[in-house]
J.: 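Quick one: structure below, then a few questions.
Numbers here simply count residues along the sequence, with the first being 1. Read the numbers this way: they start at 1 and go in the same order the structure lists the ligands and their atoms. Side chains included, hydrogens not; waters and symmetry mates left out as well; all remaining heavy atoms used.
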Amino acid sequence: MPVDFSGTWNFVRSENLEAYMLTLGIDFATRKIANMLKPQKFIKQEGDVFSIQTTSTFRNYSVKFKIGEEFDEDNKGLDNRKCRSVVTWDKDKIVCTQNGEKKNRGWSHWIEGDELYLELRCEGQTSTQVFKRA
Ligand code: VLP
């Protein structure tokens with residue numbers, strides 16, 4: 001059975017978000033707010049088509065993609081840099097490569113038990129976020 005990411009996921013904890021945001025050039029005030037947030041993720045997976053909505057009291061971010069198909073990503077409300085992104089399967093992980101100005105930028109999602117993991121990568125910094133199924 002292939003993994004199904006669909007569902008509502010509530011923030012549990014994050015690691016190293018500050019360093020990740022610094023590599024993206026996020027300003028001081030925004031970082032202070034972002035570090036306090038407990039975002040929710042709403043994921044819809046239909047075959048190889050995904051939509052991921054991240055919501056918070058501060059800002060929201062949505063992305064839609066099909067596995068293996070490149071798409072333009074604007075990162076609006078995050079660092080606002082445009083990327084050419086693509087998501088692929090690596091066993092039971094989905095792995096996004098965000099090609100653009102920042103080197104080695106991307107993220108991965110996977111599930112362990114009832115927890116959703118998100119690893120955010122940019123230029124040698126890695127931040128991990130953990131969510132629990134609502
Ligand atoms: C930017 C860095 C905080 C901080 C400023 C704004 C949206 C995979 C992927 C969907 C993400 C989440 C990015 C979090 C980076 C914070 C506003 C936070 C709420 O998720 O699920 O593409 O990239």
J.: Calculate, to the nearest 0.5 Å, the distance between atoms CH2 and NZ belonging to Trp9 and Lys41 respectively.
T.: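 These two atoms lie 12.0 Å from each other.
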J.: Heavy-atom contact under 4.0 Å between Arg31 and ligand 1?
T.: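 Outside the 4.0 Å threshold, so no.
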J.: Using modelled atom types and a 3.5 Å cut-off, is there a donor and acceptor pairing between side-chain atoms of Asn75 and backbone atoms of Arg81?
T.: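 Checking the backbone N and O of Arg81 against the side chain of Asn75, a donor-acceptor pair under 3.5 Å is found.
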J.: Give the residue, atom name and distance (to 0.1 Å) of the protein heavy atom nearest atom 13 (C) of ligand 1.
T.: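 For atom 13 (C) of ligand 1, the nearest protein heavy atom comes out as Leu78 CD1, 4.0 Å.
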J.: So does Lys32 have more than 12 non-hydrogen atoms from other groups sitting under 6.0 Å from NZ?
T.: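 Yes, NZ of Lys32 has more than 12 neighbouring heavy atoms, counting only those of other groups under 6.0 Å.
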J.: Among all protein non-hydrogen atoms, which one is nearest to atom 2 (C) of ligand 1, and what is the separation to 0.1 Å?
T.: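 Looking only at protein heavy atoms, the one closest to atom 2 (C) of ligand 1 is Met21 CG, 3.8 Å.
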J.: Only one of Thr97, Asn99, Asp72 passes side-chain hydrogen bond (donor to acceptor under 3.5 Å, both in side chains) with Arg84; say which it is.
T.: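 Looking at Thr97, Asn99, Asp72, the match for Arg84 under the side-chain hydrogen bond (donor to acceptor under 3.5 Å, both in side chains) is Asp72.
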J.: Considering non-hydrogen atoms of the protein only, which is the closest contact for atom 19 (C) of ligand 1, and what is the distance?
T.: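 Answer for atom 19 (C) of ligand 1: Arg59 O, 3.6 Å.
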J.: Under the 3.5 angstrom rule, does the side chain of Asn16 hit a backbone N or O of Ala19 as a donor-acceptor pair?
T.: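 Not at all, since once roles are kept as given, no pair shorter than 3.5 Å links the two residues.
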J.: Report yes or no: does Gly77 have a heavy atom closer than 4.0 Å to ligand 1?
T.: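 The answer is yes: ligand 1 sits under 4.0 Å from a heavy atom of Gly77.
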J.: Which residue supplies the protein heavy atom nearest to atom 22 (O) of ligand 1, what is that atom called, and how far is it?
T.: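 Atom 22 (O) of ligand 1 sits closest to the protein heavy atom Val63 CG1, 3.4 Å.
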J.: What's the spacing between Glu70 CD and Phe65 CZ if we round to 0.5 Å?
T.: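 Output value for this atom pair is 14.0 Å.
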J.: Of all the non-hydrogen atoms in the protein, which one sits nearest to atom 3 (C) of ligand 1, and at what distance?
T.: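 Going by distance alone, atom 3 (C) of ligand 1 is nearest to Ala34 CB, 4.0 Å.
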J.: Please determine if Asp74 and Lys76 form a salt bridge, counting it only when a charged side-chain N lies under 4.0 Å from a carboxylate O.
T.: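 Looking at Asp74 and Lys76, the cut-off is not met.
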J.: Between ligand 1 and His109, can you find any atom pair, the residue atom being a heavy atom, that is separated by under 4.0 Å?
T.: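 Yes, that is the case, since the closest heavy atom of the residue is under 4.0 Å from the ligand.
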J.: Heavy-atom distance to atom 5 (C) of ligand 1: which of Thr30, Thr55, Leu37 wins?
T.: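 Ranked by closest heavy atom to atom 5 (C) of ligand 1, first place is Thr30.
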J.: Answer yes or no: is there a donor N or O on one side and an acceptor on the other, between the side chain of Gln53 and the main chain of Phe42, under 3.5 Å?
T.: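 Checking the backbone N and O of Phe42 against the side chain of Gln53, no donor-acceptor pair under 3.5 Å is found.
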J.: Could you list which atoms of ligand 1 come closer than 4.0 Å to a heavy atom of Ile52?
T.: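 Atoms satisfying the 4.0 Å criterion: 21 (O).
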J.: Among all the protein's non-hydrogen atoms, which is closest to atom 16 (C) of ligand 1, and how far away is it?
T.: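 For atom 16 (C) of ligand 1, the nearest protein heavy atom comes out as Leu17 CD1, 4.3 Å.
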J.: Can you pull out the closest protein heavy atom to atom 20 (O) of ligand 1? Residue, atom name and distance to 0.1 Å, please.
T.: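 Residue, atom and distance for the closest contact: Lys41 NZ, 3.1 Å.
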J.: Does the His109 side chain pair with the main chain of Tyr117, one donor and one acceptor, at a distance under 3.5 Å?
T.: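 Confirmed, His109 side chain pairs with Tyr117 backbone.
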J.: Return the closest protein heavy atom for atom 23 (O) of ligand 1 as residue, atom name and distance.
T.: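 The protein heavy atom lying closest is Leu120 CD2, 3.9 Å.
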